Structures are given as C-alpha cells and as structure tokens.
Amino acid sequence: MESQYHPQAIEPAVQKEWAATNAFRAPDASPKPKYYCVSMLPYPSGKLHMGHVRNYTINDVLYHFMRMKGWNVLMPMGWDAFGLPAENAAMANGVPPAKWTWDNIAYMKKQCQSMGWAIDWTRELATCSPDYYRWNQWFFLRLWEKGLVYKKTGVVNWDPVDMTVLANEQVIDGRGWRTGALVEKREIPTWNLRITQYADELLDSLDGLGWPEQVKQMQRNWIGRSSGVEFVLPYAPETAMRMGDGRAGLKVFTTRADTIMGITFAAVAAEHALAAEAAKGNGDVAAFIEECRQGGVQEAELATLEKKGVPTGLFVLHPVSGDKVEVWVGNYVLMGYGEGAVMAVPGHDERDFAFAKKYCLPIKPVVDVDIPYSTDEWKPAYAQYGRNVNSGNKFAALDGSDYAQAVDKVVAFLEKAGIEARRRVTYRLRDWGISRQRYWGTPIPIIQCTKCGDVGVPDAQLPVVLPENLVPDGSGNPLAKTPTFFEVKCPKCGGQARRETDTMDVFIDSSWYYMRYACPGAKAMVDERAQYWLPLDIYIGGIEHAILHLLYARFWTKAMRDLGLIKVDEPFANLLTQGMVLNHIYSRRNAKGGIEYFAPDEVEVAHDEEGKVTGARLKSDGSAIDYEGIGTMSKSKRNGVDPQEMIDRYGADTARFYVMQANPPTDTVLWSDESVEGSFKFLRRLWTMVHAHVEAGAVENRGQTPSAEDRGLTPELKELRFKLHKTIAKVDDDYGRRLQFNTAIAAVRELLNLYGDVKDASPVARAVAQEVLEDAVLLLAPIVPHICTALWAELRPGTRLIDQPWPAVDANALVQDTIELVVQVNGKLRGHIRVAPSASREVIEAAALKDETVLKFLKGAKPKKIVVVPGRLVNVVA
RNA sequence: GCCGGGAUGGCGGAAUUGGUAGACGCACGGGACUCAAAAUCCCGCGGUGGCAACACCAUGGGGGUUCGAUUCCCCCUCCCGGCACCA
C-alpha cells in the first residue's frame, strides 16, 4: 500500500472507475424502495462557487448513505440556463447568451465531475434547450384553455435613458444600474397565471409537509389569507356627480370592520380612478400622482417611503353616522392589494395613525385596548382586539361587543341600511405575472392578430424556437427588433399577425425540471417514470428560495395534477434549506451614476482594532472603493469563491470534508478557508492509520470479532468497541434524521483519537482495529468517497466500497457495567459518582449525599429536595 | 416598513426533549524528534483570583419562570435572508 496520501492520483482513478461501471445510474424500477434526492439546479454563471459545493455535497452524502442503507437512489443534475446574467454577459463581451451559457455549462459540468458527486448524468437537462422549454409553452397553452392564464396591465421599472424595462435587481437606490437615471413606473400588458385560485390548497397542504416550520410559516404569511368585510363608502352628493362611474361609492376592504366608528378619513392609491378624477383641476393632486410615478416598483422601497398624501377635495359619507369624510391620496395605499382604497382608522391602525399625525387629521379610539390611550405616540397595543367603546348614539348597540360580535353587528347594520357589504376572504398572494420584456427566456406561445386577438400557437408548431444568435444591447428586447421572429401569419385567419416577443419568467423553468429528470426523452411533458420517482424524498437548496421558487413549484405541480399529468399533490415531501454562504461586497459608482462591483481578491482592505472595515482600495490602481458589508455570493456582485484552487491543491475530498465539517448545513456562514489545512491533515492521518494497520499484516477474522460475551477483550478494547458502536449509532442518526454532518465528523474524529491511543498489537486488538478502521471508512464514505474507496480496497482486497452496506450497531458492545452521573448542588456541577446502570433512586441519592463537596455545600443542613434524572444527574437542593 | 432566521472562547462550532457550557477542530504557546526545516507526536489553551485544591464570573443586552435556562416567556440591540422582474 502506498504510504502517502495522494488525492491527485486517487480521485481521477476512482472517478474513472465509477464512470466505466455506470455506478450512479439509477434504474426506473427496482425491488428496492426508491429515494429521490434533488438539489436546486444551479444557474450556469461560469464557475461553481462554495454555495454549490455545500449544496451538492449535502445531497451526495444523503445519496451514499441511503444507497448503503439499501435504497434505489437517484441524484440528478441540470442547468437553470435562462436568465438575466447571460444577457448582461452578452452586453459586456458581445457574445450571444446561448454560447456563453453552453460554455459555462460545459465548464461547470467538468467541475461537478471532479468533485465526485454521484450524479446520474444520463438525466442531465438544460432549461434553455428547445426539448425542455417546448413543454413550458405546451403547458402554458393548457393553462390558458383552462382559464388559468389571463392578460392584464402590470407596473414595471422603466429606465428613461436606455428606454428599457429594468429588473428590480437593476434598480439601485431608485436609479438604473447602467445609466444612473431616475427610474419611473410604467404600465404594460402582461400575462398572468391564476395562482390565487390555488391559494387555499397551497395554504392548507403545507401542514402535511416535512419542511422546516420556519419555511412553512413564511409561506403561510406570504399567502396571507385574511377574512374581512368589503363594503362601499357612499359618495357625498357632489362627489357622486363628479365621479359618475355608475357606482354609488368607494369600495374598500377591511379586516377590522369592528373599528368602523373610528373612520376619520379614507385613502386611495395614486393609481386609483378617484385620484385621477381628483387630479382634474387640482394641481396638488396631479403633482402628487406624478411624484408617485417616480421611483421603482419594489415593495421594500415603497414600504419604507415616508408616508405622504394630499387631500382630494372629494368626499364620502360615513356609512353609519353619515358624516362627510374626506378622501386622500396616500403613497402607502397599494393598488395591487384589496381595492386600492382603504377606510382609515388612525385610532387602531399604525399606518393610518402615522398619516393622521402628519396631516393633523382626527384620531378617534373606538376599542378598549387595556392600556390608557394617548394620541401622542403609537403603541402596538392599540391594534389589539377589544370591546367596542365610544360608538356614538346612532350605533350605541355596538358598545361592549367583542371583535366577532362587532363584525356581525356592523355587517347586519350596513345591509339593513341598504349599503353594499359582504364578508370576503382576501389573500396577500397575488397572481403570478410571468411576462418578461427580455430575450433569453422561453418565448410565450401567443400570436397577436388584429382580427382574431390573442391566438395560441397550435401544438403542432411547438416549440416556438428562440433564435440563439442575437446579442442584446441594453435597450429593449432584441426579439422585438427581429422581424424574422415576430412576423407571422395568424394560425386562425391566416392574416398578417405579430408574435408575442415577451418571454416567460425563469421561475417557470424551475417549477417542474425535477419531473423531467425522471423521464429523459419522454415524448410528452412527463411520462409514467415521473410517477415512479415523485414526490422528491428530499429537496435541498438555499433558504433564499423559501417563498417564491418553492411556492411556484407547488402551484405548478397542483396544476399539472389537475390536468391529469401526474398524481402527486405536492412535489417536495421533505425539504432541507441550506444557509447562505456570504462574502464581502465591494462596489463603486461610475461616472454616470451606475454601479460596478469588485471581487474581494481585487481589493485591499483596512481594518480598525475591532476588525471592522474602515476603507477599501483597488489593488490594481489604489483607487478608493466602497465596502457594502457582507451578503450572499452572487455572480452579479462578483463575490463568489471558486472551489477550483482548493481542489487543485488538496483534492475534492478535502473540499467536501471541509464544507461539511465546518458548520451545520442550515447555518448562514461567512466564507473563510482558514482551516482547510486541518481537513486535509485529518484525511492524511486516516490514510496513515490504515496504512500502518495494513502493512502490519492482514486480519482475516473481521466479522468474528470477540463480542462482549466472549470476554476476550481488555477493558481498553472494550471501551474502544463501545465507542465504535456508539459512533455508528450517532453518525446514522446525524446523517439520516438530523441532517447535521459536522457533528457526525466530530464523532468519527473522537473515535479515531481513541483508536490512536490504543497501543496493543495482540491478535484480539488487531481484530478490533480492523473492525474500527473498516467501520470508520464506511461512516466517512458518504463524505469523502474517493479516499474511502482506496482505503477499503486495502482493508478488504477484492471487494468494492460501493457495494458495501451501512455498518450495523452491535448491541452487545453497548452494554456497560457502571455509568457516571453528574452530582449538582443547586444546579451547579460539584462532582461525579459511578453507579450501576440499574441503580435505584435511593442508591443514587445516598451516593450523592456521601460526596465530600456536596457535604461541604450543605454545611450540615438537610437537603430541601433531591432531583434525580435517570442516566444523567442528581441535583441536591440546599 | 413587513415576514422568517441568527448572535456561545482569538476563530468555526458542540450541548438532539429544560439537565455537566465550550465536544470536535482551527489559530496560538510550550516541548519531543531533526544538523536544520517540513511532516509527525506530546502538553497547554474562556475570564478573574489562587502555589494548589478550588472558588467566583461567563452563552449579544435587560428582566422573568424553574431545583436547574445557550434551550422556555417578555422587552431591546445588531446582523443575515425574502419582499413578487437576481436566481
């Protein structure tokens, strides 16, 4: 056996053997139970980064573990190949997005292979290939037939200089990232999917999923089902004349109908029809609406704006008192939620309160909130439910009601008064707008005919193929400038028509790729092989996908089910959300006001004594740049770390071991490679241990190791076997249930530390050593499969690691004569006692009360109480 | 702003159901081996006091529940993720 550990020789040889034997090819039928484990597919940005290494190594550990446990395991891989970065790269280098993307895929695939991940490459897919995206188009048309697709006006970010729609990511502090121009809102026609039709099911079926509770909670809050009352605030007479829209008043929605007597004003969004009417002949309102048009559409930006508004001079009537109530235009009212209009109750709503304070509008508390009410300052308690008070003489019957009673009474009152009112369930969730005014995506299969309207592309003409040779220039969608693409005949009337040039949101691509892995080459969207593999037994990916991607994929699955394509209700039975890998971010504003990012290794950083960054300059020319703090590794911010250097220097096993031993998979981590050396040293030590054992001569009697009954073991060897079998149980639990790999590695390190302490060359000891080393190799195999494959071949010549089952725990090895208990006084550690595992409470108490330190702390007094926790501790309360 | 999460030695982390705080590593210090270096091995390593035995303090800050709190509850600070066109 080679005395030195040479990963550069071992790893390619092991990988070659795997490839030659199709080791990771998963059959679509098997007597074994199936286990389908998938990681979120990567965007082919150019190179793998440490987040990928973490993600796919976690998946790989589960692959090997479950395979050793006897499952038919599938781990596939693919490429989320459409999207914005390819267009940005094209603008920067003049290379078409297709070429850039395919080159990146080729390079990253090589990197994946050099990591040794157990991927079944026969199922690889790229979402930018027509074979894949044709089914996006086909399914879009099916949804359209079912009425789940519709067209409506949407609001987007508009860069007035580049004359182009900007993604939210491309808006930095309200300005276009390339031009530095102030961004505006612009309304355009968009295609939408009716995800809200599935809102209830998406909410209710969360309960049965094996997902982290935090993710389920985020999805619940995102869907945001709330029940409330929708009613009409009747227009005051002169307002009714002006509006003349056929409606008797302003429709509002509220979840707090019980506070109706606290209405002191009403507010509408700037885009509301009433605001437009008010702007006629009112310069202030018109100017305010114009002001609201400035800036982008991101909710985070809108929600942090200072609350502002103007009075419209239009009035509604309080539905109970009949008092005139003025309507304001407010920038905090969202057109996209409810009706774009709210009844304002500053007494019990925080945003209304802030608005009222700013514009000196009356604040009228009408619910008893248990604490004294002061209009000086908002307190969260003001928004609590409580008994109604101060309802006035027209509705005195409301006083004393609790929330539920109050809502009942209000609805009954409004109906009796002839005011349109109904209970309604609303959702925070909005329909899914899928139109993108971009080139590198799935073409939307619609043809716009002046005579026939929007016509679906006939199935026989699918896919609508995206031309692959265009290069975007930053101004608009190149497809819209390519007549060979958009000039078409109408499939219905044969007349001249125009092809839709918007493409689909890339979240569509990632909503069902894991089904297509299951049935490569299928002649339909999916076939029966998908039914065999679905649902995923575990889905692994970044916590940043907790809402959007996971919600869209769930919706898409349910829609496919309802079209009879699959039978599952949910795609992901279990979910492991990986924490983000963060790194420092450096940027600089360019002359135009756009933004430019720099990689951490291009930057020299100055720190203060506490390690805080005080300044940064470019290594190349010494110019000052901005430090933006830490954030997720991403292509656009140029702060990703390529694992290649680590692989070249130490090998893939060290890289895999390092990322798995450093932190639990769910933890967010700031990238550091400080202790990589330690990981490599451990693998080298493992190699040395096996080498020393093997060179001392083969041990044949593995499997006939003296068990506890045979009593052939010294106490030291018995302890070693105890530790071994404890470790097997611990690692099994960590891999299989806890999904926490750093503690599994620590346990194996402890085992090998103890093994290293045993200096015994007797035949019995050599047999135990064989058992320990074999099992340690099996326990580590899922994490570092290359070195373990090589070591196994030395420990058991003629057999292959990949065929081995997971090691079994020997219950006999876990039998102990005595156990140690902790002795506490008042909850503080004061000593230890050794007792038989079966020791009674009385025996334990007596032993504790004989302990000298315990007696010292008791100072002769009798203990007040003694708490015994079996198997753990005894606590004497003084 | 709203939703979700996090904070433990110089650093990464452990403590799984309320039961020994700091496992296992990294870095560092000391020693052995060596002509020397590398590699390897051994010892030490939260703070304060003490020769030591040991004692006290300590899990972002403040309060509470409990025989016992890193763990549960309330309040606060800072950081991370998401907020619908980054993926």
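The chains referred to below are lettered A, B, ... by the order of the sequence lines, with proteins before strands, and numbering in each begins at 1. Computed from a predicted model, the values in this text were never measured in an experiment.
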Q.
Check the orientation of A:H545 and A:H549. Use parallel for under 30°, tilted for 30 to 60°, and perpendicular for over 60°.
A. perpendicular
Q. Tell me, which stems hold RNA chain B, with a stem being 3 or more Watson-Crick or G-U pairs in a row and both distances under 3.5 Å?
A. B:1-7 with B:77-83, B:10-12 with B:24-26, B:28-32 with B:40-44, B:46-49 with B:54-57, B:60-64 with B:72-76
Q. Which part of the nucleic acid, if any, lies within reach of A:S636 when heavy atoms closer than 4.0 Å are counted: base, sugar-phosphate only, or nothing?
A. nothing
Q) Reckon A:A546 touches a base, only the sugar-phosphate, or nothing at all at heavy-atom distances under 4.0 Å? A) nothing
Q | Sub-6.0 Å ring centroid separation between A:Y5 and A:F680 | A | yes
Q | Face-on cation placement of A:R554 at A:W222 ring, 6.0 Å and 45° thresholds | A | no
(Q) Are the side chains of A:F682 and A:I745 in contact, using a 4.5 Å heavy-atom criterion? (A) no
**Q.** Range on RNA chain B touched by chain A, heavy atoms, distance below 4.0 Å
**A.** B:G1 to B:A87
Q. Syn or anti for B:G9, with syn set at within 90° of 0?
A. syn
Q | Sub-4.5 Å side-chain heavy-atom contact between A:D159 and A:R178 | A | no
Q) Is A:R738 close to A:T743 at the side-chain level, that is, under 4.5 Å between some pair of heavy atoms? A) yes
Q.
Suppose we call two aromatic rings close when their centres sit under 6.0 Å apart. Are A:W556 and A:Y198 close by that rule?
A. no
Q: Would you please classify the geometry between the A:W440 ring and the A:F82 ring as parallel, tilted or perpendicular, with 30° and 60° separating the classes?
A: perpendicular
